[in-house]
Amino acid sequence: MKITSPSVASSDVLPGAPQLAYRQDGLYMEDVRLDALASQHGTPVFVYSRAAMLAALAAYQRGFAGRNAQICYAMKANSSLGVLQVFARAGCGFDIVSGGELERVQAAGGDMRKVIFSGVGKTRPEMKQALEAGIGCFNVESEAELDVLSGVALAMHRIAPVSIRVNPNVDPKTHPYISTGLKGNKFGVAHEDALQIYRHAASLKGLQVVGIDCHIGSQITEATPYLDAMDRVLDLVQSIEAAGIPIEHIDFGGGLGINYNQDSPPAADALWQELLGKLDARGYGSKKLMVEPGRSLVGNAGVCLTEVLYLKPGEEKNFCIIDAAMNDLPRPAMYQAFHAIVPVVPRRGTSTTVYDVVGPVCESGDWIGRDRALTVAAGDRLAVLSAGAYCMSMASNYNTRGRAAEILVDGTQAHLIRARETAADTFRGEKLLP
Ligand SMILES: *Cc1c(COP(=O)(O)O)cnc(C)c1O
């Protein structure tokens, strides 16, 4: 990456980060100067580009042009209300995994009929809440869940629309913690058991079978696992329908990767061109299609701005200590994930040093980047890239650190969509002993 060069041309877009480019006075997102935003709102602060989110969504929309398709944003990637509004206004549905996420969709004005509810551990109150809200579909993950859901629905005199998540047993070739479609995973039902479980679902009075779904993992950078999963799912659709159970929609889940560090995932439209080719060839091209993308819609639309607190030379390592930490950016600690780290205002000069970029949290796992060549001084600001997905939504208050502020950029405008948490916010609800 030519990011440490101080003379970056204004047209240079950073890899994997659309709507982000250097101009003469530093890094911009759309038409907003990030250094000025950091001065105004403090650091750490997450900044998201509305245009980048809509551009990512447009790739899916192009891929599905002319088809009966519904894009359900997997909101656990970033569930901030302002982000949800962008997708709700663009016509997206939502893939939720908890009653809390359901309330967020309601607060953001999303269409309940376009909500699908995934997750292996839905509770009865969550089922009731979702039935009352009138969601579009429950993506059921076990046979036992079918019985419970049917019971909850009957007690409410409702019929729950269901899809069963099948485990296609394909290897998405991603990190084991984000691989979900293999036999050893807790998700979905086994391919071999699916037909019998569909028969069971069809026999339950409180359920209406409407679809089938799968989701094989996350940060997938190849088309092959999707093509293999599609074949496996279509085999099941064939046998389930042959057993007299109509399948209205097929939901292929999410999981498409983004470019963090020289990753080259297929573009959503190119991927779907290939997948739809297979779907058409097998005669299922006119079925209603659903997808549940999360990361690929928001991951590269966001950055986290942070300030360098101290430079600490060491015998074996030099440390660049920043004011963002694993509680703000948990992916490196959790998955040893890579985020590019670039200066907000590049420094002139050549004294580049290799640092481990670390946060203030009292854990050795609190690192954000390892062995990064940076030209920095204390007080400089850095941008941690590809921070739109699975960062703020996974953020915690560990070390009683308030969660960062969030800003949504739209052209020349910058909207504060989440105020920085104060220490008092972090212990609101706690009670002193008498
Ligand atoms: C997390 C998740 C998604 C989204 O995955 P991404 O990799 O962010 O696209 C979709 N569907 C289900 C069921 C999920 O759990």
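Bear in mind the structure is a predicted one, so any value in this text is a computation, not a measurement. Counting convention: from 1, in listed order, for ligands and their atoms alike. Side chains included, hydrogens not; waters and symmetry mates left out as well; all remaining heavy atoms used.
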**Message:** Students should find this: residues with any non-hydrogen atom under 4.0 Å from ligand 1. What is the answer?
**Reply:** Ala74, Lys76, Asp95, Ser118, Arg165, His215, Ser218, Gly254, Gly255, Glu292, Pro293, Gly294, Arg295, Tyr390
**Message:** Tell me every residue that passes side chain to side chain donor-acceptor pair (under 3.5 Å) with Arg104, counting only those two or more places apart in sequence or in another chain.
**Reply:** none
**Item:** Ring-face cation of Arg372 near Phe338 (centre distance under 6.0 Å, axis angle within 45°)
**Value:** yes
**Request:** Report yes if the side chains of Met290 and Ile250 come closer than 4.5 Å at any heavy-atom pair, otherwise no.
**Result:** no
**Message:** Just to verify, what does Glu141 make a salt bridge (charged side-chain N to carboxylate O under 4.0 Å, His left out) with, not counting sequence neighbours?
**Reply:** Arg165
**For Asp380, all residues meeting salt bridge (charged side-chain N to carboxylate O under 4.0 Å, His left out), sequence neighbours excluded** = Arg347
**Message:** Do Arg420 and His41 pair up side chain to side chain, a donor and an acceptor below 3.5 Å, judged on atom types alone?
**Reply:** no
